[in-house]
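Along the sequence shown, residues are numbered consecutively beginning with 1. All figures in this text were calculated on a predicted structure; none of them were measured in a lab.
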Amino acid sequence: MTALALHDLDPRTPVLVGVGEHAEFVGDPGYRALSPADLAGEAARAAVADATADGTAGATAGAFTARAGRALAGAIDVVACVRLFEDSGLAQPTPLGRSTNLPRSVAARVGARPTRAILEIGGGQSPQHLITEFAAEIAAGRTDAVLIAGAEALSSVRHWADAPADRRPRWQEMPAGDLEDRGPGLEDMTSRDKVAVGLVGAPAAYALFENARRARLGLSRADYARRMGELFAPFTEIAAGNPLAAASTKRTAAELSQVTPRNRLIADPYPRFLVARDTVNQGAASVLTSLGRARELGLPSRRYVFLAGHADAVEQDLLRRPDLASSPASMAALRLALEVAGITADELATIDLYSCFPIAVTNAADGLRLDYDDPRGLTVTGGLPYFGGAGNNYALHAVVQTAHRLRALRDAQDGTATPLPPYGLVTANGGIMSKYSVGVYTTAPTPWHPGRSARLQAEIRGWANAPTTTTPEGDCTIATYTVVPQPDGGRLGIVLAETYDGERFLARTSDDAATWALLATEQPVGAQVGVRFEDGVPVVFAP
């Protein structure tokens with residue numbers, strides 16, 4: 001690959017000029033009970049400051065940074081915010097209040113007056129998708145500079161939930177201005193058949209994939225649990241070194257995988273330590289502009305990070321996926337992003353695989369043919385269960401850390417005869433392994449490459465899919481399953497089953513001893529069950 005210089009690039013080339021993040025912890029001396037708008041605003045201010053930092057010190061440098069920061073904020077014509085869990089229908093409305101226009105609340109905190117304020121559709125794919133979308137808008141000359149930000153303050157919400165109303169912080173804001181609200185985006189996560197059988201949360205849905213994968217690999221419950229723990233133990237080490245991580249304790253594979261009163265089962269096979277941690281107070285932000293505008297603003301070129309490759313894909317519906325143990329669409333998106341960047345996975349210097357659950361990591365690693373113990377590591381933050389699953393916004397934290405690491409790797413090569421441009425991969429997963437966005441970043445001057453995701457999506461729509469039925473009858477087979485403990489001490493069994501003709505359907509399990517004994521066997525997948533209807537809902541039972 002021929003190395004390019006900045007002057008070789010089109011002035012409209014999009015470039016990431018600044019990144020920032022912020023976190024606070026309940027009980028710390030400096031705890032301020034920041035709202036999501038506050039947290040995103042702190043991250044946005046950090047991103048603007050990062051864009052203007054030229055590495056020098058003293059009063060002159062400080063004056064330049066302040067002037068350049070004001071100029072950059074004034075150039076921002078779009079502020080796009082990642083959707084809060086509360087606005088996605090995935091968390092109860094907080095009694096502390098909220099901003100009725102989060103993008104404009106964040107814009108005000110950095111002195112920006114955007115012409116567009118966007119609240120993105122829900123899903124963990126949204127931070128990377130926004131970066132890709134507005135990089136294309138900048139390259140087309142339709143947008144000048146964009147601030148992308150997001151945050152969650154669910155830790156504070158939980159902390160203040162039982163406090164008297166007059167002692168709670170007040171987060172209500174009603175900023176003026178229009179808002180482009182793109183909607184919750186829960187269509188892939190909820191439907192009548194899912195709700196009817198109790199499949200209403202991400203842990204249970206991902207557990208279906210995980211148990212299908214265990215069956216495909218032919219592993220025992222104990223061996224598979226051990227492998228999940230071994231996969232995530234290195235993540236805890238990265239989180240332990242990250243001052244913004246919500247959980248900074250290093251844990252062994254056994255500690256992560258063994259079910260205990262503290263590490264309770266969330267949904268078979270997931271104990272609490274192996275699932276995303278959403279009780280966090282975290283915010284992250286990035287600023288994008290064109291190369292030409294960055295030069296006009298005098299922004300230091302040593303801060304520039306380019307989006308070398310990108311891809312988006314939407315997977316088939318849960319019931320219709322021929323392979324219940326993986327997501328071929330996300331694997332295809334990963335390969336396409338690397339192809340657009342013109343590199344292979346071996347050339348990546350940093351990797352962050354979205355880690356809401358183990359299956360999300362192993363699926364991506366398998367798609368890239370990465371060893372699970374790859375010496376580069378599979379996370380730059382510590383991952384969603386340990387750094388924190390900041391609602392839909394986790395991937396923006398991964399982008400922040402990737403930019404910092406790539407700059408450091410570039411700087412470490414200064415003075416070498418043949419410096420190698422470092423590349424970093426960020427993956428962003430939404431829904432139930434159904435929406436995927438991928439970014440490949442580099443500090444090397446890189447032209448903008450238009451996306452090929454539309455072509456990929458057309459190909460995905462043409463893939464074969466499994467037939468479904470709403471009226472199953474006769475003998476059926478368990479294709480995958482999970483058991484979810486209930487707050488009242490009971491349990492809920494959920495099965496994705498197939499009829500004799502191969503038609504798929506979702507069902508609850510019967511609450512009888514024989515059926516529970518079947519689900520407790522070493523491998524329920526492949527077992528024969530009967531099916532009946534109760535109040536119009538399919539219920540499977542041990543014959």
J.: Distance only, no hydrogens: is a donor on one side chain within 3.5 Å (strictly under) of an acceptor on the other, for Tyr372 and Arg227?
T.: no

J.: Main chain of Arg221, side chain of Glu522: is a donor-acceptor contact present, judged purely on distance under 3.5 Å?
T.: yes

J.: Verify, without hydrogens or angle tests, whether Thr446 (side chain) and Ala308 (backbone) share a donor-acceptor contact under 3.5 angstrom.
T.: no

J.: Quick one: CG on Leu353 to CG on Asp374, what's the gap to the nearest 0.5 Å?
T.: 9.0 Å

J.: Output yes when a side-chain donor or acceptor of Asn465 lies under 3.5 Å from a complementary backbone atom of Arg320, and no otherwise.
T.: no

J.: Taking C-beta and beyond as the side chain, do Ile148 and Leu396 meet within less than 4.5 Å on heavy atoms?
T.: yes

J.: With no hydrogens and no angle check, just 3.5 Å: does a side-chain donor-acceptor pair link Asn263 and Thr260?
T.: no

J.: Just how far is it from atom CD of Gln282 to atom CG of Leu39, taken to the nearest 0.5 Å?
T.: 9.0 Å

J.: If you define the side chain from C-beta out and look only at heavy atoms, does anything of Asn211 sit under 4.5 Å from Tyr224?
T.: no

J.: What's the separation between atom CZ in Arg83 and atom CG in Leu130, rounded to the nearest 0.5 Å?
T.: 11.5 Å

J.: Taking all non-hydrogen atoms of both residues into account, name the closest pair between Arg182 and Ile118 and its distance.
T.: NE-CG2, 3.6 Å

J.: Could you go through Arg407 and Asp50, starting from their C-alpha distance and side-chain angles, then the distance that decides it, and tell me whether this counts as salt bridge (charged side-chain N to carboxylate O under 4.0 Å, His left out)?
T.: CA-CA 12 Å; Arg407 290 167 178 166; Asp50 178 66; 2.9 Å; yes

J.: Under the side-chain contact (heavy atoms from CB on, under 4.5 Å) rule, what do Asp366 and Met331 come out as? Steps first, then yes or no, please.
T.: CA-CA 8 Å; Asp366 290 346; Met331 292 181 177; 4.1 Å; yes

J.: What I want to check is whether the side chains of Ser453 and Gln457 have a donor and an acceptor closer together than 3.5 Å.
T.: no

J.: I'd like to know if the side chain of Gln401 reaches the main chain of Ala398, judged simply by a donor and an acceptor atom lying under 3.5 Å from each other, with no hydrogens or angles considered.
T.: no

J.: Quick one: does any side-chain atom of Gln523 pair with a main-chain N or O of Thr521 as donor and acceptor, under 3.5 Å?
T.: no

J.: Can you name the nearest heavy-atom pair linking Arg321 to Ser434, along with the distance?
T.: NH2-CB, 3.4 Å

J.: Quick one: pull up CD in Glu152 and CG in Leu84 and give me the separation to the nearest 0.5 Å.
T.: 5.0 Å

J.: Treating Asp371 as the side-chain partner and Asp373 as the backbone partner, does any N or O pair qualify as donor plus acceptor under 3.5 Å?
T.: no

J.: Please tell me whether Asp352 and Thr379 have a donor and an acceptor in their side chains that are separated by less than 3.5 angstrom.
T.: yes

J.: Between Gly283 and Ala151, which heavy-atom pair has the shortest distance, and what is it?
T.: CA-CB, 3.7 Å

J.: Do Asn429 and Ser330 have a side chain donor and acceptor closer than 3.5 Å?
T.: no

J.: From Leu217 CG over to Asp223 CG, what is the distance, rounded to the nearest 0.5 angstrom?
T.: 11.0 Å

J.: Are Glu459 and Trp463 side-chain neighbours, meaning at least one heavy-atom pair lies under 4.5 Å?
T.: yes

J.: Do Asp312 and Ser437 meet the criterion of a side-chain donor-acceptor pair at a distance under 3.5 Å?
T.: yes

J.: Apply salt bridge (charged side-chain N to carboxylate O under 4.0 Å, His left out) to the pair Glu237 and Lys250, showing each step before the final yes or no.
T.: CA-CA 5 Å; Glu237 296 181 15; Lys250 293 182 184 179; 5.5 Å; no

J.: Taking the cut-offs as 6.0 angstrom to the six-membered ring centre and 45 degrees off its axis, would you call Arg277 and Tyr386 a cation-pi pair?
T.: no

J.: For the residue pair Thr344 and Asp346, confirm or rule out a side-chain donor-acceptor distance under 3.5 Å.
T.: no

J.: Please lay out, stage by stage, how Gln128 and Leu307 fare under the test side-chain contact (heavy atoms from CB on, under 4.5 Å).
T.: CA-CA 10 Å; Gln128 179 57 54; Leu307 184 60; 4.0 Å; yes

J.: Keeping the roles fixed (side chain from His310, backbone from His449), state whether a donor-acceptor pair exists under 3.5 Å.
T.: yes

J.: Ring-plane angle category for Phe209 and Tyr206, please: parallel below 30°, perpendicular beyond 60°, tilted otherwise.
T.: perpendicular

J.: Do the side chain of Thr468 and the main chain of Arg504 share a donor and acceptor less than 3.5 angstrom apart?
T.: no

J.: As a quick check of understanding, evaluate side-chain contact (heavy atoms from CB on, under 4.5 Å) for Leu319 and Leu496, giving each step before the final call.
T.: CA-CA 8 Å; Leu319 277 173; Leu496 195 159; 3.8 Å; yes

J.: Grab the two heavy atoms, one from Leu244 and one from Glu21, that are nearest each other, plus how far apart they are.
T.: CD1-CG, 3.3 Å

J.: Under 3.5 Å, is there a donor-acceptor pair between the side chain of Ser355 and the main chain of Leu384?
T.: yes

J.: When you compare the side chain of Arg508 with that of Leu492, does any pair of heavy atoms fall below 4.5 Å?
T.: yes

J.: Below 6.0 angstrom between ring centroids: does that apply to Phe357 and Tyr270?
T.: yes

J.: Mind listing the closest non-hydrogen atom pair of Gly424 and Thr402 along with its distance?
T.: CA-CG2, 4.0 Å

J.: Between the main-chain N or O of Ser327 and the side-chain N or O of Asn363, is there a donor-acceptor pair closer than 3.5 Å?
T.: yes

J.: Indicate yes or no: at least one non-hydrogen side-chain atom of Val495 is less than 4.5 angstrom from one of Val529.
T.: no

J.: Would Tyr394 and Tyr354 count as a close aromatic pair, with their ring centres under 6.0 Å?
T.: yes

J.: Given side-chain contact (heavy atoms from CB on, under 4.5 Å), test Ile359 with Arg213 step by step and report yes or no.
T.: CA-CA 8 Å; Ile359 186 73; Arg213 182 172 184 270; 3.4 Å; yes

J.: Set out, in order, the CA-CA distance, both residues' side-chain angles and the distance that settles salt bridge (charged side-chain N to carboxylate O under 4.0 Å, His left out) for Glu230 and Arg226, then state yes or no.
T.: CA-CA 6 Å; Glu230 291 172 346; Arg226 175 179 52 80; 3.1 Å; yes

J.: Tell me, do Pro269 and Met228 make a side-chain contact under 4.5 Å, heavy atoms counted?
T.: yes

J.: Got Thr477 and Val525 here, is their nearest side-chain heavy-atom distance under 4.5 Å?
T.: no

J.: Is the count of non-hydrogen atoms from other residues, nucleotides or ligands lying under 6.0 Å from Arg216 atom CZ greater than 12?
T.: yes

J.: Which pair of non-hydrogen atoms, one from Ala149 and one from Asn393, has the smallest distance, and what is that distance?
T.: C-OD1, 4.4 Å

J.: Measure the spacing between CZ of Arg335 and CG of Leu338 and express it to the nearest 0.5 Å.
T.: 10.0 Å

J.: Exactly one of Thr509, Thr482, Val540 should register a side chain to side chain contact (heavy atoms under 4.5 Å, CB included) with Ile494. Which one does?
T.: Thr482

J.: Do Leu420 and Glu347 have side-chain heavy atoms sitting under 4.5 Å apart?
T.: no

